[in-house]
Amino acid sequence: MPRKLIVFGNGLGMSLDQDHFSLERAMNEVWSNDEYMSDEERIKISRCIPSDDIICPHGEEQLDKLHVAETCCAILDGFNIDGEHHWLTPSGRNFPNVCQTFIHRVATNLHEYAGELPACFIEPLVRFIVLTKSHVATLNYDKLLYGAFIENQVLNGYNGSLIDGMLNNGFNYDALERLYGRNFGYYLHLHGSPLFIDDEDDNCYKMQRHELSMTRNIGGKHIVLTHIKHKPSVISNSKVLRAYWQYFDFSINEVEDVIIFGYSGADVHLNEKLRLYKNKIRIKVIEWSGSGDHHERLVFWNSCFGKNVELVHFESIIDFTDW
């Protein structure tokens, strides 16, 4: 059976719990908790939405100016005038950390879900991955697939069917290379993970799941949670995410079939990447039937990927098992 590429979006989690996996809910929950944010931090972020009131961003589309402000502060922070003067106040120099910590806590909130994927869904998927070494790419921040793959030893160092390049001594691009006749597939966190943290030397490590906590002050440098037009810049500023997107290209070149599972179609950078291979690959989209009229959605998906797409609707997408 040939290798495939499976791209998972937030619809995987939404099929289990629409409330928990709502980005707006996660943002509001972090925003309203005084343990996670101070009034001063809320004011700074809300002024970048922009808004006349102190309100929480409602979604990625409202993070446009916030990203610009964060980026400008980060750039100016690198420009020293002399030992006593600086372009920014201490508050301004700390603003990128405020933004990244907020983003990391939102992603952590989404990650920390107590439920699991049902056996009727995960067992056929695991069998398929083990048999074919098919590649898996994720766009969400939850641990549903990640936890299930660890428990079923799909992710198990070089002994597993998939690897993500995260070793005990941190991320290593060279660790993704197949050596000694290995034929593993790739587990690509295309939009990052709240488990990724940097040490003082900018080496990226992956925390164990039990180490993740909402109370930790960790920046979301390796998390793509921003306005759509800024997502490529977040990716380019992370050596880990750059590597995953490079291997995403590699993975597409190894397959003829791509399955898009529970994805809204909103990430233009992903759509444009797949469009480049429209004459080489077949694309099957697995989508919730409540997304809209089948014909209208088919027109939409064809416009995204630039070719005829096979669209399959399910009342619950985790009923799909025909990998």
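Note: hydrogens, waters and symmetry copies are ignored here, and every other heavy atom, side chains too, is used.
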* Just by distance, do the side chain of Asp53 and the backbone of Ile55 share a donor-acceptor pair under 3.5 Å? -> no
* Qualifying residue for side-chain hydrogen bond (donor to acceptor under 3.5 Å, both in side chains) with Asn109, from His20, Arg25, His104 -> Arg25
* **Side-chain donor or acceptor of Asp77 paired with backbone N/O of Cys73 under 3.5 Å** => no
* To do: Given side chain to side chain donor-acceptor pair (under 3.5 Å), test Ser233 with His67 step by step and report yes or no.
  => CA-CA 10 Å; Ser233 69; His67 179 87; 3.2 Å; yes
* CZ of Arg216 to CE of Met207: how many Å apart, nearest 0.5 Å? -> 5.0 Å
* **Expected output: side-chain Lys239 to main-chain Tyr173 donor-acceptor under 3.5 Å** => no
* Within a reach of under 6.0 Å around CH2 of Trp87, are more than 12 heavy atoms found that belong to other residues, nucleotides or ligands? -> no
* Considering only NZ, NE, NH1 and NH2 on the basic side and carboxylate oxygens on the acidic side, decide whether Glu41 and Arg105 come within less than 4.0 Å. => no
* Checking Asn302 side chain against Val309 main chain: does a donor-acceptor pair fall under 3.5 Å? -> yes
* Can you say whether the rings of Tyr244 and His189 are parallel (under 30°), tilted (30 to 60°) or perpendicular (over 60°)? -> tilted
* Asked: Is it true that atom CD of Glu256 has more than 12 heavy atoms of other residues, nucleotides or ligands lying nearer than 6.0 Å?
  -> no
* **Derivation and outcome, side-chain contact (heavy atoms from CB on, under 4.5 Å), residues Tyr36 and Glu29** => CA-CA 10 Å; Tyr36 305 148; Glu29 195 163 303; over 6 Å; no
* If you measure only the distance, is there a donor-acceptor pair under 3.5 Å linking the side chains of Thr89 and Ser91? -> no
* Walk me through it: do Val136 and Phe149 pass the test side-chain contact (heavy atoms from CB on, under 4.5 Å)? => CA-CA 11 Å; Val136 170; Phe149 282 174; 4.1 Å; yes
* **Parallel, tilted or perpendicular: rings of His135 and Tyr186 (30°, 60°)** => parallel
* Asked: Is the side chain of Asp293 donor-acceptor paired with the backbone N or O of Glu296 at a distance under 3.5 Å, no angle test?
  -> yes
* Are there more than 12 heavy atoms of other residues, nucleotides or ligands under 6.0 Å from atom CD of Glu211? -> yes
* **Parallel, tilted or perpendicular, as decided by the 30° and 60° cut-offs, for the rings of Tyr158 and Phe184** => tilted
* In terms of the angle between their ring planes, are Trp323 and Phe8 parallel, tilted or perpendicular, with boundaries placed at 30° and 60°? -> tilted
* Asked: When the ring centroid of Tyr263 is compared with that of Phe261, is the distance short of 6.0 Å?
  -> no
* Under 3.5 Å, is there a donor-acceptor pair between the side chain of Asn140 and the main chain of Asp142? -> no
* To do: Apply side-chain contact (heavy atoms from CB on, under 4.5 Å) to Thr321 and Cys120, showing your working.
  => CA-CA 8 Å; Thr321 58; Cys120 60; 5.9 Å; no
* To do: Would you mind checking if Asp164 and Lys206 are paired as a salt bridge, meaning a charged N to carboxylate O distance below 4.0 Å?
  => yes
* Asked: Counting distance only, does the side-chain N/O of Ser46 pair as donor-acceptor with the main-chain N or O of Ile43 below 3.5 Å?
  -> yes
* To do: Can you see which heavy atom on Asn237 is nearest to which on Lys221, and at what distance?
  => O-CE, 3.8 Å
* Please round to the nearest 0.5 Å and tell me the distance separating atom OG of Ser238 and atom CG of Asp198. => 7.5 Å
* Asked: Would you find more than 12 non-hydrogen atoms of other residues, nucleotides or ligands less than 6.0 Å from Lys65 atom NZ?
  -> no
* Asked: Do the side chain of Asn152 and the main chain of Ala148 share a donor and acceptor less than 3.5 angstrom apart?
  -> yes
* Report the C-alpha distance between Leu88 and Phe95 in whole Å, list the side-chain angles of each, state the deciding distance to 0.1 Å, and finish with yes or no for side-chain contact (heavy atoms from CB on, under 4.5 Å). => CA-CA 10 Å; Leu88 300 173; Phe95 186 62; over 6 Å; no
* What class does the angle between the rings of His269 and Trp245 fall in, given that below 30° is parallel, 30 to 60° is tilted and above 60° is perpendicular? -> tilted
* Asked: Salt bridge or not for Asp257 and Lys284, using N-O below 4.0 Å?
  -> no
* Between OG1 on residue Thr101 and CG on residue Asn217, distance to nearest 0.5 Å -> 6.0 Å
* Pair Tyr141 + His111: ring centers closer than 6.0 Å -> no
* Leu225 and Ile103: which non-hydrogen atoms are nearest, and at how many Å? -> O-CD1, 3.6 Å
* Asked: Can any side-chain N or O of Lys307 pair as donor or acceptor with the backbone N or O of Arg275 at less than 3.5 Å?
  -> no
* Gln62 CD to Cys56 SG distance, which is reported to the nearest 0.5 Å -> 8.5 Å
